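Just so we're clear, the structure is a prediction, and the values are computed from it rather than from any experiment. So that the names make sense, note that chain A is the first sequence line, chain B the second, and so on, each numbered from 1.
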2 protein chains.
Amino acid sequence: MLQVAGDTLAEQGFAHLDLADIARRAEVGKTTVYRRWGTVTGLVADLLTDMAEQSLPRTETGSLLGDLKANARLVQRTLADPRQGALFKAVIAAATCEAKTAEALHHFYDIRVKEWAPCVQQAIDRGEVPDGTDTHEVIRAVSAPLYYRLLTSGDRLDEAAADRAAEAAAVAARAGAYKRTEGLA
Amino acid sequence: MLQVAGDTLAEQGFAHLDLADIARRAEVGKTTVYRRWGTVTGLVADLLTDMAEQSLPRTETGSLLGDLKANARLVQRTLADPRQGALFKAVIAAATCEAKTAEALHHFYDIRVKEWAPCVQQAIDRGEVPDGTDTHEVIRAVSAPLYYRLLTSGDRLDEAAADRAAEAAAVAARAGAYKRTEGLA
């Protein structure tokens, strides 16, 4: 059913998402769908949990740039895929309308950022990046230009965009641009 | 009427936007609203044109970092403002559902990027940033982390986030991270 819900969201966007329609497409009873999720919000939250669980673990390449490029390429491939890209657009749009969906979306990105943040910590340990760097911010800096392009432009998300996002984040991290400004690390 | 449309979008999100409701709130006849815009899509496109026209011109500080910080602070103040932040979320969400709205949104960001890109060209002319740098990409790099934070986290958009976005973009631009990879500038 989550597969069908994801397909429907990707195809039609969240504004037209309807539990009865999903039940019909998944060929299950309406009651089953309503009992399980109650509302579209509940379904989208469940879908985001599933997306987080199915996300790939990080790859280790031995260098900060290599690791950030691996991360950027993964995000780029995901967002450039027609179904996945449309699905991410739809859940981000749904989150702007509904506090519970926003919470589930924030949780999804927290999990993804935590998955990749250790590669920045390793760069700190190697002395490649200064102490006190906000490891989470570096990971977010890699994704940000790719999501920004997806949402605010019609430009294609290609590998060049991914590599540039990784390179810019690596250069800025090495230069100390992501050092925490308040309190201690 | 655009003021009322903007208020309604900011308050209720685009999923509940209704032309008849806007006519009622603006105290004009329904016919006037339908004749002018026809659909919610037409109205949002008009609103984006108005937002582009009302956007502030860029400030010149004499240094790349200063200029990018001024840009970042402007984006941050806009997105951190409750009404404006909600309005931007709503138009981005609307653009994920409707090709014409997406076009209007892309046009809005094109205008904003073109407004600020000359500060990167000036940095190239001063020798601060290498030749062949994609000036538009540098400007997008300043906005991207702020929009990413707005849409994917519950974290507050503060001035520290704006300054960090500007610093990271300036450092990466100086290091040549935004040089065009294909063709010539």
Check your understanding: When only pairs under 4.5 Å are counted, which of A:Glu167, A:His107, A:Arg174, A:Arg140 shares the most heavy-atom pairs with chain B?
Key -> A:Arg140

Check your understanding: Looking only at heavy atoms, what is the nearest atom pair of B:Leu17 and B:Val44, with distance?
Key -> CD2-CG2, 4.2 Å

Point to revise | Toward chain B, the part of A:Ala102 with a non-hydrogen atom under 4.5 Å | key: neither

Check your understanding: Using a cut-off of under 4.5 Å for heavy-atom pairs, which of A:Gly13, A:Ser153, A:Ala177, A:Ala173 has the most such pairs with chain B?
Key -> A:Ser153

**Study point:** Nearest-0.5 Å distance, CD of residue B:Gln76 to CG of residue B:Leu150
**Key:** 11.5 Å

Review point. Minimum heavy-atom separation for B:Met1 to B:Ala26, with atom names?
Key: CG-CB, 3.8 Å

Study note, to complete from the structure: Note: vs chain A, highest number of non-hydrogen pairs under 4.5 angstrom among B:Val171, B:Leu105, B:Thr96, B:Thr152 is B:Thr152

**Study point:** A:Asp131 bridged to A:Lys179 by N-O distance under 4.0 Å
**Key:** no

Check your understanding: Taking all atoms of both residues into account, what is the closest heavy-atom pair of B:Ala10 and B:Ala86, and its distance?
Key -> O-CB, 3.3 Å

Practice item. Under 4.5 Å heavy-atom distance to chain B, tell me which part of A:Phe108 shows up: side chain, backbone, both or neither. Key: neither

**Study point:** Atom group of B:Ala168 that falls short of 4.5 Å from chain A, counting heavy atoms
**Key:** both

Check your understanding: Contact part of A:Glu137 toward chain B, heavy-atom cut-off under 4.5 Å: side chain, backbone, both or neither?
Key -> side chain

Check your understanding: For the residue pair B:Phe88 and B:Tyr147, does the interplanar ring angle fall in the parallel (under 30°), tilted (30 to 60°) or perpendicular (over 60°) class?
Key -> perpendicular

Check your understanding: Which one of B:Ala161, B:Gly154, B:Ala175 has the most heavy-atom pairs closer than 4.5 Å to chain A?
Key -> B:Gly154

Practice item. Identify the two heavy atoms, one from B:Tyr148 and one from A:Ser143, that lie closest to each other, and give their separation to 0.1 Å. Key: OH-CB, 3.5 Å

Exercise for review: Check whether A:Leu151 gets within reach of chain B through its side chain, its backbone, both or neither, counting any heavy atom under 4.5 Å.
Suggested key: both

